[in-house]
Amino acid sequence: MREELDKIFESFDNNYIFKDKSVLQSNYMPHEIPHRSEQIKQIASILAPTLRGEKSSNIFLYGKTGTGKTLSIHYVKDELLRRVKKDNDFQLRIEYLNCKLKKVSDTEYRILAELIKKLGQEIPNTGLPTETVYNKFIEILDSEKQILILILDEIDQAVKKISTDFLYNLTRLNSELSQTQICVVGISNDLTFLEGIDPRVRSSLSEEEVVFSPYNAIQLQEILNQRARDSFKENAIAEGVIAKCAAFAAREHGDARRALDLLRIAGEIAEREGSKKILLKHIDESNTKIEREKILEVIKTEPKQFQYVLYSIIKLSEHKEGPFFTGDVYNHYQELCIKNKSEVLTQRRVGDIIQEFDMLGIINVRVISKGRGGRMREIKLAISKSLIEKSKAIIEEVLDYK
DNA sequence: GTCAATTCACATGAAAGAGACCACGGTCTAGTG
DNA sequence: CTAGACCGTGGTCTCTTTCATGTGAATTGACGA
């Protein structure tokens with residue numbers, strides 16, 4: 001045992017690959033952000049008045065995941081904070097909040113609670129009327145003269161779950177504050193997000209808009225090269241590896257984060273193998289590994305009822321050729337629950353669960369109509385055979401089911 | 001043969017209930033002077 | 001007399017159920033040629 005461990009640690013010790021892995025991690029802040037100078041300039045010029053203590057326009061940032069929105073706004077934020085003068089009679093605060101994080105999740109209450117926490121006060125997770133929390137928030141803000149730039153990342157996620165009232169309140173906040181001024185920076189992945197929103201809110205929230213277009217493969221390559229220089233040792237990357245990474249990510253609507261993950265995981269795989277270089281095959285492995293881990297993690301942490309449903313889907317796909325439908329799944333699910341003496345959810349609920357699996361990318365779902373035969377979802381598993389086996393094993397283990 | 005009505009098997013929405021968690025404020029108890 | 005223990009009330013959260021309404025096309029059936 002010890003010898004094996006020796007081997008492991010030894011190989012880790014003299015690794016040929018990494019110089020500084022953190023450069024590839026998603027929270028790393030590079031000194032330069034390639035291909036985003038336009039957007040950064042735009043944002044900076046909009047927010048510049050805050051340095052003089054004036055309110056700036058609200059901004060809305062659009063762009064798909066991994067197009068550098070978050071990075072850019074953080075960059076501007078740091079630069080602003082660096083330049084703010086100490087002897088001003090106001091304070092400039094910039095708070096960033098990702099609305100999609102689990103703990104923030106999807107209620108107005110939680111978002112406010114999180115904001116209050118950022119401002120340095122505690123609020124219980126539950127138990128208070130929302131209005132109290134609101135008042136407290138306002139009170140804290142107004143306690144001193146300050147300019148607050150509120151960056152709300154993935155705001156579309158939040159609004160989808162909460163009503164748009166939240167945004168409305170947000171835009172109206174300024175009128176309730178006497179000393180403090182707020183400006184909101186909304187970030188959204190969904191390009192059509194503002195369409196379904198009350199025009200009044202829309203116009204006040206998106207006084208300015210900045211669009212982040214996806215990176216193309218060449219730009220991705222440059223980004224990867226830049227990061228790779230700092231994170232890997234010399235000659236640690238084989239020919240064509242970067243290009244392949246970029247190509248993979250470009251296929252996924254130019255997601256730079258994904259490209260970086262790909263490269264990092266590939267590096268880790270190569271390191272573990274004791275390879276001196278990252279080779280093309282490591283990228284492939286990395287790609288499947290990322291998919292795999294993501295899905296398996298989801299499956300593992302899903303609640304019981306979800307697992308029953310997924311298990312039914314897997315079983316059905318084994319026994320049956322071709323697609324199957326909501327009703328099939330529900331019947332199988334019912335039997336499964338009865339067999340396991342578990343309570344049975346209604347069809348309504350199971351339908352929602354199926355839809356959630358679709359959102360997670362584990363299954364593919366299409367609503368079809370069979371004329372008089374009714375209208376239902378056509379369900380297909382969207383993961384590879386080996387992954388299905390693995391998932392099945394996990395569920396059987398969790399459910400203690402043979 | 002044609003066209004509108006019907007019908008199936010769910011989808012999709014809205015509202016509300018159950019059970020868990022929690023803060024707040026009032027009341028009770030025990031320890032202190 | 002006061003600090004801390006202990007309750008009751010009222011609030012939020014998540015997961016579900018209930019009730020209601022919507023939906024796309026195969027099928028039916030009336031109608032006219």
Side-chain angles (χ1 to χ4, degrees), chain A residues 97-117 119 121-140 156-166 169-170 190 192 195-198 298-313 316-317 320 322-338 340-360 362-380 395 398-399:
Chain A
L97 181 69
N98 190 335
C99 304
K100 203 182 160 189
L101 294 179
K102 259 274 154 67
K103 58 174 182 177
V104 182
S105 94
D106 38 24
T107 69
E108 195 170 357
Y109 185 100
R110 290 276 176 81
I111 288 179
L112 284 172
E114 201 60 26
L115 283 174
I116 288 175
K117 211 155 145 201
L119 294 171
Q121 300 231 9
E122 284 294 326
I123 207 92
N125 281 336
T126 163
L128 294 179
T130 308
E131 206 181 315
T132 312
V133 185
Y134 237 108
N135 291 337
K136 179 147 192 183
F137 181 58
I138 289 172
E139 191 185 306
I140 294 172
D156 48 333
Q157 298 289 328
V159 171
K160 214 180 284 170
K161 299 259 182 168
I162 321 168
S163 64
T164 47
D165 291 357
F166 172 61
N169 288 338
L170 212 56
D190 182 1
T192 62
E195 278 172 19
I197 287 186
D198 190 325
V298 167
I299 292 174
K300 220 180 285 181
T301 54
E302 215 69 24
K304 249 193 183 134
Q305 296 291 352
F306 281 62
Q307 298 192 336
Y308 280 128
V309 175
L310 185 59
Y311 194 77
S312 300
I313 294 173
L316 275 174
S317 72
K320 252 187 171 172
F324 42 94
F325 311 96
T326 316
D328 302 336
V329 174
Y330 187 67
N331 288 339
H332 194 282
Y333 160 81
Q334 259 180 319
E335 283 173 30
L336 195 62
C337 283
I338 291 167
N340 287 318
K341 301 196 183 74
S342 177
E343 56 180 325
V344 185
L345 299 182
T346 45
Q347 180 146 344
R348 177 74 185 80
R349 181 67 188 135
V350 173
D352 279 350
I353 292 175
I354 289 173
Q355 201 177 13
E356 284 187 47
F357 276 128
D358 179 47
M359 297 242 285
L360 291 169
I362 295 172
I363 58 178
N364 276 330
V365 155
R366 202 159 52 103
V367 178
I368 57 162
S369 175
K370 295 186 142 199
R372 215 168 189 205
R375 197 163 170 274
M376 66 269 261
R377 291 196 175 95
E378 181 189 274
I379 300 162
K380 269 185 284 186
I395 297 176
V398 172
L399 298 182

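The figures that follow rest on heavy atoms only: side chains count, while hydrogens, waters and symmetry mates do not. Reminder, nothing fancy here: chain letters follow the sequence lines and each chain counts from 1.
The phosphate of C:dC15 (OP1 or OP2) has no side-chain N or O of A:Arg349 nearer than 4.0 angstrom. In this structure, A:Arg348 does not reach the C:dC15 phosphate: none of its side-chain N or O atoms is under 4.0 Å from OP1 or OP2. A:Ser369 has no side-chain polar atom (N or O) that falls below the 4.0 Å cut-off from OP1 or OP2 of B:dC10.
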At a cut-off of 3.5 Å, list every protein nitrogen or oxygen paired with a nitrogen or oxygen from nucleotides 27-30 of chain C, distance to 0.1 Å.
none

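Residue A:Gly327 is in sugar-phosphate contact alone, with no base atom involved, counting any heavy-atom pair closer than 4.0 Å across all strands shown. Counting non-hydrogen atoms under 4.0 angstrom, A:Val329 reaches nothing in the nucleic acid. Nucleic acid contact for A:Thr132: none, since no nucleic acid atom lies under 4.0 Å from a heavy atom of the residue.
Between the P atom of C:dT23 and the NZ atom of A:Lys370 lies a distance of 22 Å, rounded to the nearest Å.
With distances taken from any side-chain atom of A:Phe306 to the nucleotides C:dG11, B:dC10, C:dT16, the minimum falls on C:dT16. Closest to the side chain of A:Arg110, from the set C:dT23, C:dT12, C:dC13, is C:dC13.
In this structure, the separation between CG on A:Asn364 and CZ on A:Phe357 is 14.0 Å, given to the nearest 0.5 Å.
Nearest-nucleotide positions on DNA chain B for A:Gly371 and A:Gly351 put A:Gly371 closer to the 5' end.
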